[in-house]
Amino acid sequence: MKEIVVLSGKGGTGKTSIVGSFAVLSQRKVLADCDVDAADLHLLLNPKVKERHEFWSGQVAFIDSERCTQCGLCQDMCHAAAITDFKVDTISCEGCGLCYHLCPADAIIMKDRLSGHWFISDTRYGQLVHARLGIAQENSGKLVALVRQQARQIAEKNGLDCIISDGPPGIGCPVISSLSGANLALLVTEPTLSGMHDLDRIVSVCRHFGVPAMVCINKYDINESNTRQIEDYCGANKIDVVSRIPFDNTVTEALVHGLPVVEYSDGRVSQAINSLWQRISQGYDNMNR
Amino acid sequence: MIISVASGKGGTGKTLVATSLAYTLGKTGAVQLLDCDVEEPNDHIFMKPSITSREEICITIPQLKEDRCTHCGKCAEVCAYNAIAVLSERVLIFPELCHGCGACIYLCPEKALEEGKKKIGVVESGSSDGIRFTHGRLAIGEMMSPAVIKAVKTRATNDGAVIIDVPPGTSCPVVEAIRGSDFCLLVTEPTPFGLNDLALAVETARILDIPCGVVLNRAGVGNEGVKEYCQKENIPILLTIPLEMEIARLYSRGITLAEGEPQWQSEFAALFNKIEEMVHERNRRTER
């Protein structure tokens, strides 16, 4: 089984539109939306939720005001500065439990935290594992790990060949959790100085975790000289540039209709994504040999 | 006045709005730009600041004094992040899981753990045409972006407007970046993705009790969903930027809109005035 994760560093380069199209083009796969902070893949795949689960993760401190002697030790020691006036700010509390262990009056109670939900859904293109981290919650990395683990279980149980994951932007905790142990990262970039700067950072992260990367340049015609620079950069770093996708409003139109772009149109963007998927599946087969 | 520029969804134009706002305000008064998107900081590309100070950001991690350790296991028991494992004759510390809370250090009965440092990023400050500039960079492979964001925010001064460029998303890095702001400017695009993530960003701002307004970027494509949502939720759309190839090209070359098309400066100045009015109005109401 192979696991392909689509990342970008910079947000808004087109990860989800591309994964939505891969959902249509690929066979025998499970889809995973690893952007648990701001998940959007469901807007293209129209999932019917089959299973809904709570995601309990970490703890949060509460102070029992009847037992509290207001000694102030917890406030002084909290590294998150989450306690003021003998009350815990549950958004700031990181659940480390130091206050619980230190309180001389045993006035602090640690409660489990409901941090979000995760789902297994049916779509027209196969099963989708997705999640919703609660607003302002922590542990997005753990929820991503859970989504990937569930996707792997579904793939194993049904003898499917491949997991395609839509990753989050950035290079931090949820990105590392989406990437580590994956077989291939497709990095979607755009020919802007920001896109190029962020590509370099995500390439370093892929290298750090030993995951092979391929690059796709989206909206390549916004700035063709930057596109050539990206190609030179990739050449120097021995990374295949597997596709150039033109800028086209069809992508937005498809999104407004709630459809992956390859289903909505057979124009130039769809053709580019089609050959991109061919390159990736071939590239993957070569890698396995 | 602290204004954070956020969005939920990535790539909607936060950096464009934050840098253009800072650029415009810098023409007439004191302004400071803090790039808190420490995973992928981009404001420096547009502001080209000369960096005058650089500080490494570390978190506190436990360091073992082997001769004092009795392998009692207390540190592993109290660690909420599974960052320590105690074997019969060894203690394993996993720094990448450590949140730096210090519980193990304080609670070790033998005082066998002391404070060590682990570098997780850098914060750099400087200026660009009179605009004071600070950004943070999370080191490759590190997870604890909120600690770097916190360090960037300590550089905020009371002198003039402070613009904060916020990372995408709705979880802990976003909360760390926007906490304490007077206003949250949410940049979105008129698409179902933009709308879905705008609604999440609005919820995040509301949890922190920060008033918000919207900048609608790439107007002209997509649908009316964002406008309808804003009307229903009573959130003002303070600025609309059209989808234009020329704006996209300027951005691609690292030139912010207010610099490349100076006629936009009056729009960004008006945006700031509207925000200022909304914040003052709110402050008057809470004082009453």
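So you know, we letter chains A, B, ... as the sequences are listed, proteins then strands, and number each from 1.
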Who wins among [options] for the most heavy-atom pairs under 4.5 Å with chain B?
options	result
A/Leu44, A/Thr252, A/Leu98	A/Leu98
A/Ser92, A/Ser8, A/Cys99	A/Ser92
A/His101, A/His197, A/Lys10	A/His197
A/Glu253, A/His208, A/Lys142	A/His208
A/Gly172, A/Pro169, A/Ala38, A/Ser194	A/Ser194
A/Gly97, A/Gly170, A/Cys78	A/Gly170

Check [X] against [Y] and note the closest heavy-atom contact, atom names and distance.
X	Y	value
A/Glu138	A/Cys93	OE2-O, 3.7 Å
B/Lys9	B/Gly194	CD-N, 4.1 Å
B/Val17	B/Leu185	CG1-CD2, 3.9 Å

Chain A heavy atoms under 4.5 Å from [X]: which part of the residue, side chain, backbone, both or neither?
X	result
B/Leu243	side chain
B/Pro167	neither
B/Phe193	both
B/Ile207	both

Winner by heavy-atom pair count (cut-off under 4.5 Å) against chain A, out of [options]:
options	answer
B/Leu107, B/Leu200, B/Asn223	B/Leu200
B/Val38, B/Ile45, B/Val175	B/Ile45
B/Gly225, B/Pro173, B/Pro190, B/Ala80	B/Ala80
B/Gly169, B/Ala103, B/Ser171	B/Ser171
B/Pro192, B/Cys172, B/Gly254	B/Pro192
B/Arg249, B/Glu96, B/Glu176	B/Arg249

Less than 4.0 Å between a side-chain N and a carboxylate O, is that true for B/Glu189 and B/Arg218?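 Yes, B/Arg218 and B/Glu189 are salt-bridged.
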
Salt-bridged, A/Arg113 to A/Glu94, with N to O below 4.0 Å?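 No, A/Arg113 and A/Glu94 are not salt-bridged.
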
Parallel, tilted or perpendicular: which one describes the rings of A/His130 and A/His42, with boundaries at 30° and 60°?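 Plane angle under 30°, so parallel.
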
Side chain / backbone / both / neither for [X] at chain B, heavy atoms under 4.5 Å:
X	answer
A/Ser180	neither
A/His257	neither
A/Asn249	side chain
A/Glu190	side chain
A/Arg207	neither
A/Phe209	side chain
A/Leu255	both
A/Asp200	neither

Can you confirm whether B/Lys117 is buried at NZ, in the sense that more than 12 heavy atoms of other residues, nucleotides or ligands lie under 6.0 Å from that atom?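 Yes, the 6.0 Å shell around NZ holds more than 12 heavy atoms from other groups.
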
For B/Asn82, look at atom CG and say whether over 12 heavy atoms of other residues, nucleotides or ligands are found less than 6.0 Å away.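 Check fails, neighbour count at 12 or below.
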
Output side-chain donor-acceptor pairs under 3.5 Å for residues 136-152 of chain B, partner residues at least two apart or in another chain, one line each.
unit_1   : atom_1 : unit_2   : atom_2 : d
B/Glu142 : OE1    : B/Lys118 : NZ     : 2.8
B/Glu142 : OE2    : B/Lys118 : NZ     : 2.8
B/Ser145 : OG     : B/Glu39  : OE2    : 3.4

Would B/Glu246 and B/Leu250 count as a side chain to side chain contact (heavy atoms under 4.5 Å, CB included) here? Give the steps. CA-CA 6 Å; B/Glu246 192 43 40; B/Leu250 279 174; 4.1 Å; yes

By ring-ring contact (aromatic ring centres under 6.0 Å, His included) - contacts of B/His135 (at least two apart):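 Counting only residues at least two positions away or on another chain, B/His135 forms a ring-ring contact (aromatic ring centres under 6.0 Å, His included) with B/His44, B/Phe133.
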
Heavy atom to heavy atom, less than 4.5 Å: which residues from residues 11-19 of chain A reach chain B?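 If one takes a 4.5 Å heavy-atom cut-off, the residues of residues 11-19 of chain A near chain B are A/Gly11, A/Gly12, A/Thr16, A/Ser17.
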
Walk me through whether B/Lys48 and B/Ser128 qualify under side chain to side chain donor-acceptor pair (under 3.5 Å). CA-CA 7 Å; B/Lys48 303 168 189 74; B/Ser128 162; over 6 Å; no

Between B/Phe46 and B/Tyr23, is the ring centroid distance below 6.0 Å?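 Ring-ring flag for B/Phe46/B/Tyr23: false, centres at least 6.0 Å apart.
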
Does any part of the side chain of A/Cys103, heavy atoms only, come nearer than 4.5 Å to the side chain of A/Leu73, both counted from C-beta?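 No, their side chains stay 4.5 Å or more apart.
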
Is there side-chain contact between B/Pro62 and B/Cys75, with at least one heavy-atom pair below 4.5 Å?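 Not in contact.
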
Separation of B/Asn217 CG from B/Leu16 CG (nearest 0.5 Å):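 Nearest 0.5 Å value for the CG-CG distance: 6.0 Å.
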
Tell me which one of B/Thr256, B/Asp165, B/Asp35, B/Asn42 satisfies side-chain hydrogen bond (donor to acceptor under 3.5 Å, both in side chains) with B/Thr15.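 With B/Thr15 as partner, B/Thr256, B/Asp165, B/Asp35, B/Asn42 yield a single side-chain hydrogen bond (donor to acceptor under 3.5 Å, both in side chains), made by B/Asp165.
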
Under 3.5 Å, sequence neighbours excluded: what are the donor-acceptor pairs made by side chains of residues 223-232 of chain A?
unit_1   : atom_1 : unit_2   : atom_2 : d
A/Asn223 : OD1    : A/Ser225 : N      : 3.3
A/Asn223 : OD1    : A/Asn226 : N      : 3.0
A/Asn223 : ND2    : B/Ser252 : OG     : 2.9
A/Asn226 : ND2    : A/Pro191 : O      : 2.9
A/Asn226 : ND2    : B/Ser252 : O      : 3.0
A/Thr227 : OG1    : A/Tyr220 : O      : 2.8
A/Thr227 : OG1    : A/Asn223 : O      : 3.3
A/Glu231 : OE1    : A/Arg244 : NH2    : 3.2
A/Glu231 : OE2    : A/Arg244 : NE     : 2.8
A/Glu231 : OE2    : A/Arg244 : NH2    : 3.4

